[in-house]
Amino acid sequence: MSLSDEDIVRAAQSIRAGGLVAFPTETVYGLGANALDATAVARIFAVKGRPATSPLIVHVPSIDMARVIAAEWPAHAEKLGRQFWPGPLTVVVRKHQRIPDVVTAGLPTVAIRVPSHPVAQALLREAGVPIAAPSANRFTQLSPTTAEHVRAALGDAVDCILDGGPTTVGIESTVVSLAGDVPYLLRPGMIARQDIERLIGACGARANGDRPPDEAHESPGQHPRHYCPRTRTLLLMDGNVPAGRGAYLFHSRPAQSCQRNVEMPASPEAYAAALYRTLHDLDGESLDWIAVEHPPDQPEWAAILDRLRRACGK
Ligand code: TXA
Ligand code: MG
């Protein structure tokens, strides 16, 4: 698992030559290509089976490089970047023309993130180009949190997989749009809404009935069936599991009637870090169902609840 400088150099060469490199970030593994190379980016869509209407996140090593791919850099972006980068936050701003349209699905905006994972940082710095990368899974499937997940999902379709061990945050970054009149939370993540609002004031959200900028384009994280195990997955308030062979993921109380209770961490951070790995593992067991105890109705669990709802196809 331990990567050498040579591995990074080779992966960076592959990126510059138009290749696809799967790499770890602190959230999930990404499937990366040179964001300035439209042909390379088109391969990402082909390999994932992702609709061309779903824009990608562009990864850069620093806030300075983020400014370079934006047409304008709002004060809110500067504030958020200074506070949370490198880290699991993505901001959407108006795009610089040097970013090809295929990256942003034709939108005039671009999603930008500075990841903190040392392997992602090393790759970005060595490649010397911004890297467009969605999660390294096939469209609508669970995001990968280990190199093994990437191999199982994409295998030979990628030129290189950098194995940086299991990811630590475990679910995808928080996405905030700064391209409209007011900031808008497009996807909840482990950087919580309150952390963001403390810095830049109130953000719109679908839950409040607000409309996001660019509503015409369905963003991939907003597809209802996203992050889905193949096994039927249910969210339960009461621990009343169905008949048949299944597993119950609990964080407070096991289900009396269930043969197979799987204990999840009680803190949201540790829970998020374990969630996809647990679902990937159980999904490999040909169970009739996976049931999950409803997480607490508290803001720090919001992103986990969002992913669980999607895993259930809600
Ligand atoms: O943690 C993460 O964000 C991971 C790692 C690899 O960085 N990436 C990831 O990418 O989850 P993906 O493609 O699976 O999700 C991209 C998200 C979508 O939910 C979409 O809402 C948003 O980014 N997005 C990208 N470009 C956008 C744009 N121009 N306008 C609005 N939303 C955009
Ligand atoms: Mg994804």
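Everything numeric in this text was worked out from a predicted model, so none of it was measured. Counting starts at 1 for both ligands and their atoms, in listed order.
- When the heavy-atom distances from atom 24 (N) of ligand 1 to Ala111, Ala136, Pro24 are ranked, the shortest goes to Ala111.
- Residue Pro55 holds the heavy atom nearest to atom 28 (C) of ligand 1 of all those in Ala133, Pro55, Gly32.
- A salt bridge links Arg198 and Asp195; the closest N-O separation between the charged side-chain nitrogens and carboxylate oxygens is under 4.0 Å.
- In summary, the atoms of ligand 1 found under 4.0 Å from a heavy atom of Ser173, numbered by their order in the structure, are 1 (O), 2 (C), 3 (O).
- Here Lys95 has no heavy atoms under 4.0 Å from ligand 1, in either its backbone or its side chain.
- Screening residues 273-306 for ring pair (Phe, Tyr, Trp, His ring centres under 6.0 Å) gives His149-His280, His251-Trp301, Tyr271-Trp301 as the qualifying pairs, with residues at least two apart or on separate chains.
- On a distance-only criterion, Thr25 and ligand 1 share no N/O pair closer than 3.5 Å.
- At least one heavy atom of Ile57 sits closer than 4.0 Å to an atom of ligand 1.
- Of all the atoms in ligand 1, the ones that sit under 4.0 Å from a non-hydrogen atom of Leu107 are 28 (C), 29 (N), 30 (N).
- In this structure, of Ser135, Gly189, Ser54, Gly106, the residue bringing a heavy atom nearest to atom 12 (P) of ligand 1 is Ser135.
- Contact check on Arg43 versus Asp159 returns a salt bridge, with a Lys/Arg side-chain nitrogen under 4.0 Å from an Asp/Glu carboxylate oxygen.
- Residue pairs that meet the side chain to side chain donor-acceptor pair (under 3.5 Å) test with at least one member in residues 116-134, sequence neighbours left out, are Glu26-Ser116, Gln121-Arg125.
- For the residue pair Ser286/Arg245, the side-chain donor-acceptor check at 3.5 Å is not satisfied.
- If you check the side chains of Thr278 and Asp281, you find no donor sitting under 3.5 Å from an acceptor.
- Counting heavy atoms closer than 4.0 Å to ligand 1, residue Thr27 contributes side-chain atoms (C-beta onward) but none from N, CA, C or O.
- Polar contact check, Arg113 against ligand 1: a nitrogen or oxygen pair lies under 3.5 Å apart.
- Residue Arg50 places a heavy atom less than 4.0 Å from ligand 1.
- Near Leu186, the atoms of ligand 1 lying under 4.0 angstrom from a non-hydrogen atom of the residue are 31 (C), 32 (N).
- Within the 2.8 Å limit, Ser143 places no N, O or S atom next to the Mg ion (ligand 2).
- On a distance-only criterion, His59 and ligand 1 share at least one N/O pair closer than 3.5 Å.
- Checked against a 3.5 angstrom limit, the closest N/O atoms of Tyr29 and ligand 1 fall outside it.
- Listed for the Arg98 side chain is a donor-acceptor partner under 3.5 Å among the backbone atoms of Val68.
- Thr25 pairs in a side chain to side chain donor-acceptor pair (under 3.5 Å) with only one of the listed residues (Arg113, His59, Glu172), which is Arg113.
- With hydrogens and angles ignored, the 3.5 Å screen pairs no side-chain donor or acceptor of Tyr248 with any backbone N or O of Asn240.
- Any N or O atom pair closer than 3.5 Å counts here, and Glu172 shares no such pair with ligand 1.
- The pair Lys95-Glu72 fails the salt-bridge criterion, with no side-chain N (NZ, NE, NH1 or NH2) lying under 4.0 Å from an Asp/Glu carboxylate O.
- Applying the 4.0 Å criterion to heavy atoms of Pro134 picks out, from ligand 1, the atoms 10 (O), 12 (P), 13 (O).
- When atom types are taken as modelled, the side chain of Arg16 and the backbone of Ala11 share no donor-acceptor pair closer than 3.5 angstrom.
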